[in-house]
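Structure record follows, encoded as structure tokens.
By convention here, the first residue in the shown sequence is residue 1.
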Amino acid sequence: NEKDSKTLEFYTSLFLALGQGNPRKASLVHVGLLELTRHGCDESALCAASVLRALQLAREQAAAPQQPMMLTALPPINSRGGPSMPAAPPGGGSALANVPMVGVDPTSPESVQRVLDTLFHLLRSD
């Protein structure tokens, strides 16, 4: 239930590093951040939620297909004379649809419920 902004900034950096570290231990950090989001004071909960969001964005960015650099600022032209759109991944869905959510173990209904409870807690709070 820390409220000091300098301490929270330090914790944010620490939790970001731990959450992106050893994949076998990162899930423990995610669970702790989810619990802090639900049961910490407002400042701590906001800090934990921000770290979880940053970890999720980092996961999504790592999974996103990298676009090759083009030497021109104009988009490539397709055979109909319009700009080409990037191809959808096989199956037609978004490539990010397969990125697991931070804090969720797909084989554990408890972890899914914990994330849902945390999200609903955030929706109900000010």
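A distance of 12.0 Å separates OG1 of Thr7 from CG of Leu14, quoted to the nearest 0.5 Å. Taking CG of Leu36 as the start and CZ of Phe15 as the end, the distance is 6.5 Å to the nearest 0.5 Å. Going from atom CD of Glu60 over to atom CG of Leu55 covers 11.5 Å, rounded to the nearest 0.5 Å. Between atom CG of residue Leu34 and atom NE2 of residue His39 there is a gap of 10.0 Å, rounded to the nearest 0.5 Å. Within the model, atoms OG of Ser27 and CG of Asn22 stand 9.5 Å from one another, a figure rounded to the nearest 0.5 Å. With rounding to the nearest 0.5 Å, the separation of OG1 in Thr37 from CG in Leu33 is 6.5 Å.
The hydrophobic cluster containing Val51 also contains Leu119, counting ILVMFWY residues as joined when their side-chain heavy atoms lie under 4.5 angstrom apart, directly or transitively. Residues Leu16 and Phe10 share a single hydrophobic cluster, defined by chaining ILVMFWY side chains whose heavy atoms lie under 4.5 Å apart.
A salt bridge (charged side-chain N to carboxylate O under 4.0 Å, His left out) check over residues 13-30, counting only residues at least two apart or in different chains, returns nothing. Applying the side-chain hydrogen bond (donor to acceptor under 3.5 Å, both in side chains) rule to pairs touching residues 107-118 yields Asp105-Thr107, Ser108-Glu110, Gln113-Asp117, sequence neighbours excluded.
Residues passing the salt bridge (Lys or Arg N to Asp or Glu O under 4.0 Å) test with Glu35, sequence neighbours excluded: Arg38.
Residues Ala49 and Leu122 come closest through the heavy atom pair CB-CD1, 4.4 Å. Between Glu43 and Leu8 the shortest heavy-atom distance is CB-CD1, 3.7 Å. Residues His30 and Gly19 share a closest heavy-atom pair of NE2-O, 3.6 Å.
With a 4.5 Å cut-off on side-chain heavy atoms, Phe120 and Arg124 count as touching.
Between the side chain of Ser44 and the main chain of Gly40, no donor-acceptor pair closer than 3.5 Å is present.
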